[in-house]
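Here is the structure we will look at, set down as structure tokens.
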Number of protein chains: 2
Amino acid sequence: MTNDTTNSETHSETGAFSDPIDAVRPDDLRLEKFLPYRLSVLSNRVSNAIADAYSARFDLTIPAWRVMAILGRFPNLSAADLVEQTAMDKVAISRAVSILIKNDYITRSEDLADRRRQVLNLSELGRDVYERIVPLAQQYENDLMGSLSADERNQLDSIIEKLMARAQDWANRGLID
Amino acid sequence: MTNDTTNSETHSETGAFSDPIDAVRPDDLRLEKFLPYRLSVLSNRVSNAIADAYSARFDLTIPAWRVMAILGRFPNLSAADLVEQTAMDKVAISRAVSILIKNDYITRSEDLADRRRQVLNLSELGRDVYERIVPLAQQYENDLMGSLSADERNQLDSIIEKLMARAQDWANRGLID
DNA sequence: CGGCAGTGGTTACAATTGAAACCAATCTTA
DNA sequence: TAAGATTGGTTTCAATTGTAACCACTGCCG
């Protein structure tokens, strides 16, 4: 597994050149220290584990579960409202909703005031599932957070906010440079 | 931002109610505070921004770029070695490699000692691209990290390690419960 | 009213991803 | 050295996801 035999610790002095021309060569990128990469690996590990748990027990995908999580707290939302709350896109919401309806986890009713809108709610069954799944989710959260100290938990919270804001900037203002 | 109003700090003491019936209702889950969700949103934002940058400038996908990043530091790896280094799976590596070869970014040569293995390396062109893309990646990294203090950067580093280890446990020991 | 821009939501299609089957070479062991 | 197990890597097929086009309805403006 962890055979780091080839890990050349030090900044690769490929040739041991004294020649300044060599200065053009950029430092190597250490992928395992590269934040975007680490975030991606971490997020995938966590999401996959949880997705397995949800699907094994409730036959729910993550997008579907997210929709339920929001509807559990905020009844009578439309799909557009969900888009706003979840940072998922239209299509993902639409698909999740249609699965949930097929499973009778949520109900859909027309909004008489605006007949384009559809008002969504957890069904009896859906609330049932919701109430069993929330503790499960919290258990995962607690287990993750349990590996951190109280200080670290607070730090993480504010760090994530900052990184999120910066990444959001990228999307808005266009990319760097 | 940091509104912890509903954070019931203590381990949910489900009892303590005057009306036991009511005890059945779980606390709502606040998706926007749920770590797996936040990680996923953050990671996606970051990855998408960077993927755009790479593909716009070098016609590279993220998996392909990762392969190049590793080969830039460690020449003469096989696909299996790459699997180990990148936490990507066989198939993803195989696909990335075949794209990179088509683009003449890497070369593939048979390993005479073991004719199943193929030894991979950056081509001239590939190293060229590598040397231009590394600074770009570092720029993104710096920009992200720039939103944090030096302390926070260190904290983040160790927090990620801890979370990663915990999530890894899940995968190994099987899920919680 | 009549048209036309904007919104809510779904459908259709292409690209990406994942899982399992697969081929070929090597290693093991009898 | 032959048979089965293992390893390196690719292919195939299904599921997931993203993008763009689309339909139905509303709201606005002449």
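Throughout, protein chains are lettered first and strands after them, A, B, ... in sequence-line order, and every chain is numbered starting at 1. Source: prediction; values computed, not measured. Side-chain atoms are counted along with the backbone in the values below, which use heavy atoms only and exclude waters and symmetry mates.
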Between B:Glu110 and B:Arg115, does the side chain to side chain contact (heavy atoms under 4.5 Å, CB included) criterion hold? Intermediate values first, please. CA-CA 6 Å; B:Glu110 295 229 329; B:Arg115 290 182 16 259; 4.3 Å; yes
Derivation and outcome, side chain to side chain contact (heavy atoms under 4.5 Å, CB included), residues A:Leu35 and B:Ile160: CA-CA 10 Å; A:Leu35 185 58; B:Ile160 287 180; 3.7 Å; yes
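A donor atom on one side chain and an acceptor atom on the other are found under 3.5 Å apart for A:Trp170 and B:Asp143.
Atom CD1 in A:Ile106 sits roughly 13 Å away from atom C1' in C:dG9 (whole-Å rounding). Distance CG (B:Asp89) to P (C:dA20): 12 Å, rounded to an integer number of Å. When the C1' atom of D:dA15 is taken as reference, atom CD1 of A:Ile62 falls 15 Å away, rounded to whole Å. At whole-Å resolution of the value, NZ in A:Lys90 and C1' in D:dT17 are 16 Å apart. Straight-line distance from the CG atom of A:Asp59 to the C1' atom of D:dA15: 14 Å, rounded to whole Å. The distance between atom CD1 of A:Ile93 and atom C1' of C:dT11, rounded to the nearest whole Å, is 17 Å. Between B:Asn44 atom CG and C:dT17 atom P the separation is 12 Å, expressed in whole Å. In this structure, A:Ile99 atom CD1 and C:dT10 atom C1' are separated by 14 Å, rounded to whole Å.
Checking side-chain atoms of B:Ser47 against main-chain N and O of B:Asn44 turns up no donor-acceptor pair under 3.5 Å.
Proximity of residues 109-123 of chain B to DNA chain C (heavy atom under 4.0 angstrom from any strand atom) is restricted to B:Asp114, B:Arg115, B:Arg116.
Within 3.5 Å, no donor on the side chain of B:Arg108 pairs with an acceptor on the base of D:dG9, nor the reverse.
Look at B:Ser78 and you'll find a side-chain N or O under 4.0 angstrom from OP1 or OP2 of D:dG9. The phosphate of D:dT10 (OP1 or OP2) has no side-chain N or O of B:Ser98 nearer than 4.0 angstrom.
A 4.5 Å side-chain heavy-atom check between B:Ile101 and B:Ile106 finds at least one atom pair inside the cut-off. In this structure, the side chains of A:Ser78 and A:Arg116 stay at 4.5 Å or more apart for every pair of heavy atoms. Side-chain contact between A:Val134 and B:Asp28 is absent, with no heavy atoms from C-beta onward closer than 4.5 Å.
Nearest nucleotide to the side chain of B:Arg95, out of D:dT10, C:dT11, C:dG18: C:dG18.
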